[in-house]
S.K.: 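Before we start, here is the structure in question, set down as structure tokens.
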Amino acid sequence: MNNSTIESKDASKFSPVGDKSWTCWKCDDLTPDLCPLDVVQGNVTIRGIEVVYWRYRRRSLLHSDSSKPNFPIVMVHGGPGWPHNYLLPLKQQACHGRDVYFYDQAGCGASSLPQSHSISIKDDYPWLLDPLYYATVELPALLYHLNITNFHLLGNSWGTILAQYYALDVYQKQKNINTNAIQKENNKGSTYYSSPTLSTTKQILQPILTSLVLSGPLSDAQLYVKEQWNPKDGDLGNLPPYVQERIKLLESNENYGSKEYQAIDDVLTTFFTLRTAPAPDCFIESQKGVNKEIYVGMQGPSEFTIGGVLANFNVTDRLSELDRMPVLLTHGKYDTMRPKVVDVMFLNLPLAERLLLKRSGHVSMIDEPKIMNDGISDFYDRVEASLIKGQVFEPINIEINDNNCDSYNDATDRNNLNSTCMEECSGTLSIGNDDTNKSVNYASSSSTSNSTQISFKFPQQNGKRGLAYNQLDYNILKHFPSVQWGYTWSPVAPTSIRDWEFSNTNFVPMIFSSAQCKSSILQTIPNVSRALLGFNEPNFVTQANLTPIQAANLWPILEKVAVDLNINVLVSPAVNYSPYTWQPVPWLRAFLDACVGCRVDAIAIHDYSCDVTYLDRHLRTYYEFDRPIWITEFACGDDPKKGSVEHQKRYMTSAVRYLEHNPRVAKYAWFAHKYGPKFENKLFDVLNEEGEVIWDVKGNTTVVLNELGQHYNQLSQHSGVIDDAYYDNDIESISKFLPWNNDSPLLW
């Protein structure tokens with residue numbers, strides 16, 4: 001093409017400079033499937049400050065389903081001190097029949113401070129620098145003013161901190177208070193709180209928090225800062241070396257106001273905060289309304305570090321308290337909240353799901369509004385459906401199929417899509433974890449080519465879940481339909497193997513110690529066994545008590561048994577942290593070094609930490625052996641303070657979710673014996689003819705599941721969707737472990 005051809009074109013068609021009317025993109029144009037909405041603005045005065053809110057409602061409700069509850073959604077913006085405007089793409093939720101409320105927190109946007117404010121917030125309104133004020137005073141007062149009864153709460157960034165504080169310190173603490181007062185007020189099912197803005201003697205209705213959506217979330221401020229500098233997954237940790245050096249130098253000298261730091265910050269914002277550039281109108285409006293004094297006082301001077309009052313924020317250990325709260329965690333692939341920040345929350349929230357948006361930064365409601373809106377709406381539908389049925393919400397796994405798979409250029413990204421991204425790249429959001437699915441398409445008819453599809457996939461048995469108990473028989477096994485395998489620390493089952501077959505449970509024999517390596521004992525192993533467990537805790541004097549070399553010398557005996565009985569999986573000796581000489585990983589290393597050429601198909605370990613974050617760290621220490629992991633004993637046993645049924649249930653919920661989703665974990669078994677006088681980890685009671693609890697299941701006895709046993713049965717199972725959270729970008733090295741729900745002889 002020559003220059004004359006170019007000059008003959010209308011330049012205004014090719015350059016924004018030629019379009020005098022263009023100023024910026026519109027958030028409404030970015031948001032698909034918007035319907036006609038009515039908006040009402042209101043305000044409520046809280047501690048002398050006028051807090052402004054907006055309610056969005058679908059103009060026509062002719063097509064609404066009156067059988068659905070459609071609870072309203074309260075949106076909590078980030079910052080702190082950034083007004084709500086940038087969240088406006090989420091007003092599309094109103095098109096599904098739910099009222100959507102936005103509000104500007106005190107001191108920013110439309111909720112600006114009175115003109116009499118002249119000195120500083122620290123002097124005039126010190127509570128505006130207290131995170132708990134927003135959660136325990138402002139939000140409850142707003143909800144009371146709006147007369148909301150049941151609602152969903154959605155927070156972004158700082159808003160996720162506020163939402164967690166509200167759930168833990170207002171709703172969770174007060175949800176069971178004063179049942180008599182509830183009945184007296186004739187408001188069945190409601191709960192109460194004492195409003196900090198009203199008389200403390202007056203009990204008022206507390207709205208029922210139905211769910212949490214936490215977008216770009218964090219539960220640990222220091223982890224948030226640390227992970228940004230992670231050289232593997234961090235956003236700052238992957239910048240060019242010179243840029244990293246300059247950022248660290250400027251921050252160490254606190255030169256946040258320098259032109260250089262501001263220039264870097266502006267560029268990084270387009271990398272990791274808002275990747276839609278140029279910024280659309282709703283984001284620009286938020287920028288105009290920022291209260292910098294609140295932002296700096298609480299967050300610090302930069303989005304990429306924390307130096308204000310939030311510097312020591314950490315509620316990770318409390319998240320398990322939300323044991324009945326459905327939670328959706330959403331985060332962008334390029335988010336300032338790096339994967340491990342979200343992993344920690346996912347592992348500690350009993351009823352959590354996560355949605356990764358693969359083209360988004362921190363503000364994913366602008367970067368990918370359609371997938372975000374569809375995912376949130378589906379989550380709300382399922383939460384409300386479980387309430388209607390009177391059922392506990394069951395989290396499911398979420399994967400994204402993207403129309404433009406070609407945009408992912410590196411092999412890791414392609415593999416991350418391999419579970420659900422079809423060859424034709426059809427553009428779907430898949431939710432769930434097996435081959436049975438139902439689909440709902442929320443896209444309008446005018447945009448079907450770019451539709452996002454929500455697929456529900458319901459759990460099926462995957463063979464992972466087991467029981468460890470020395471007298472397992474049909475009388476017990478028949479009560480555990482969710483259990484597919486078990487063992488008794490013995491090479492033989494305590495009752496006929498037919499009992500196990502009738503209960504559809506696989507018996508797994510164990511060679512407990514060197515004493516069981518006698519041919520007379522080995523000949524009693526059932527010839528239907530599919531796996532064989534090695535020695536039990538050989539690094540304990542009170543258990544198998546074997547050195548690595550002793551175990552290696554005995555191992556050929558187990559190998560021969562496995563060959564003779566056509567056993568698929570020969571599992572290593574089961575190790576645990578020991579008060580004696582050998583610790584587990586060094587013992588296994590020494591054993592494998594001594595047992596040159598030996599067959600060891602899987603690694604067995606025990607864990608009694610009662611902390612799912614620690615469980616994750618513990619398991620990762622065994623990844624070096626590059627074999628499937630069998631957790632043949634786990635329960636709460638290390639901390640007597642966590643021995644209660646409630647603590648056991650919370651840990652069981654989080655741990656089972658983690659073990660079900662971790663592709664390196666082939667099997668796990670709850671330790672069903674009573675661990676000690678202060679630990680309630682038993683799953684059932686054995687009663688004699690007089691109804692007394694006894695230990696021996698033999699004779700005329702009755703087995704009754706207790707609360708913990710019922711809970712173990714009811715926890716959902718994962719059956720094959722690959723979960724990025726446990727990959728560590730190491731797809732190839734664990735490909736041999738997948739899928740774990742087929743008939744692979746390696747995993748059984």
Side-chain angles (χ1 to χ4, degrees), residues 463-470 472 477 483-501 505-539 543-546 548 550-576 584 587-588 591-592 594-606 622 625-634 665-669 671 736-737 740 743-748:
K464 279 193 174 189
R465 188 169 303 175
L467 272 181
Y469 188 75
N470 69 345
L472 279 180
L477 295 170
V483 168
Q484 291 92 54
W485 73 282
Y487 78 105
T488 62
W489 295 273
S490 170
V492 294
T495 58
S496 169
I497 203 68
R498 285 184 172 272
D499 284 356
W500 293 70
E501 293 173 349
T505 310
N506 291 289
F507 171 71
V508 179
M510 169 184 270
I511 306 301
F512 184 91
S513 66
S514 59
Q516 294 181 339
C517 289
K518 300 174 182 178
S519 59
S520 59
I521 295 177
L522 298 176
Q523 290 172 2
T524 64
I525 296 176
N527 61 6
V528 295
S529 301
R530 302 178 68 183
L532 177 63
L533 300 176
F535 311 116
N536 190 71
E537 295 185 344
N539 56 330
Q543 298 294 315
N545 190 23
L546 293 168
Q550 288 172 331
N553 290 336
L554 291 169
W555 200 251
I557 298 174
L558 278 69
E559 289 181 307
K560 185 176 186 306
V561 172
V563 172
D564 291 345
L565 297 181
N566 196 28
I567 287 174
N568 293 338
V569 183
L570 180 55
V571 186
S572 79
V575 292
N576 194 5
W587 192 98
L588 277 175
F591 166 71
L592 292 172
C595 206
V596 179
C598 290
R599 173 186 171 188
V600 181
D601 299 321
I603 299 295
I605 70 167
H606 297 164
Y622 300 94
F625 301 113
D626 200 27
R627 290 170 170 87
I629 297 173
W630 287 48
I631 305 178
T632 49
E633 294 179 23
F634 84 107
V665 175
K667 305 287 179 188
Y668 62 87
F671 182 77
K736 67 170 76 69
F737 304 136
W740 62 84
D743 292 325
S744 167
L746 180 63
L747 289 180
W748 163 52

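Both backbone and side-chain heavy atoms feed into the values below; hydrogens, waters and symmetry mates do not. All figures in this text were calculated on a predicted structure; none of them were measured in a lab.
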S.K.: By the definition side chain to side chain contact (heavy atoms under 4.5 Å, CB included), identify the one residue from Ile521, Asn536, Ile525 that meets it with Ile511.
M.R.: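 Between Ile511 and the candidates, side chain to side chain contact (heavy atoms under 4.5 Å, CB included) is satisfied uniquely by Ile525.
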S.K.: Find the distance between OG (Ser572) and CD1 (Ile629) and round it off to the nearest 0.5 Å.
M.R.: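 Here the rounded value is 10.0 Å.
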S.K.: Evaluate the side-chain proximity of Phe535 to Phe591: yes if any heavy-atom separation is below 4.5 Å, no if none is.
M.R.: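 No, too far: nothing below the 4.5 Å cut-off.
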S.K.: So, does Asn568 use its side chain to make a donor-acceptor pair with the main chain of Ala531 at under 3.5 Å?
M.R.: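 Side chain of Asn568 to backbone of Ala531, a donor-acceptor pair under 3.5 Å: no, none is there.
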S.K.: If you round to the nearest 0.5 Å, how far is CD1 of Ile603 from CG of Asp626?
M.R.: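 The CG atom of Asp626 sits 10.0 Å away from the CD1 atom of Ile603.
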S.K.: To the nearest 0.5 Å, tell me how far Phe625 CZ sits from Leu588 CG.
M.R.: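 Those atoms lie 4.5 Å apart.
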S.K.: Side chains of Val508 and Arg530, heavy atoms from C-beta outward: is any pair under 4.5 Å?
M.R.: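 Heavy-atom side-chain distance check fails, nothing below 4.5 Å.
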S.K.: Kindly compute the distance separating CG (Leu558) from SG (Cys598), expressed to the nearest 0.5 Å.
M.R.: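 Atom-to-atom, Leu558:CG and Cys598:SG are 10.0 Å apart.
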S.K.: Side chain to side chain donor-acceptor pair (under 3.5 Å) with Tyr668: which of Arg465, Glu633, Lys464?
M.R.: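 The option that passes is Arg465.
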S.K.: Roughly how far, to the nearest 0.5 Å, is the CD atom of Gln523 from the CG atom of Leu565?
M.R.: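 With rounding to 0.5 Å, CG (Leu565) is 10.5 Å from CD (Gln523).
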S.K.: Could you state the interatomic distance from CZ (Phe507) to CG (Leu477), rounded to the nearest 0.5 Å?
M.R.: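 Answer for the CZ-CG pair, Phe507 versus Leu477, is 10.5 Å.
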S.K.: Do Gln543 and Trp489 meet the criterion of a side-chain donor-acceptor pair at a distance under 3.5 Å?
M.R.: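 Short answer, no.
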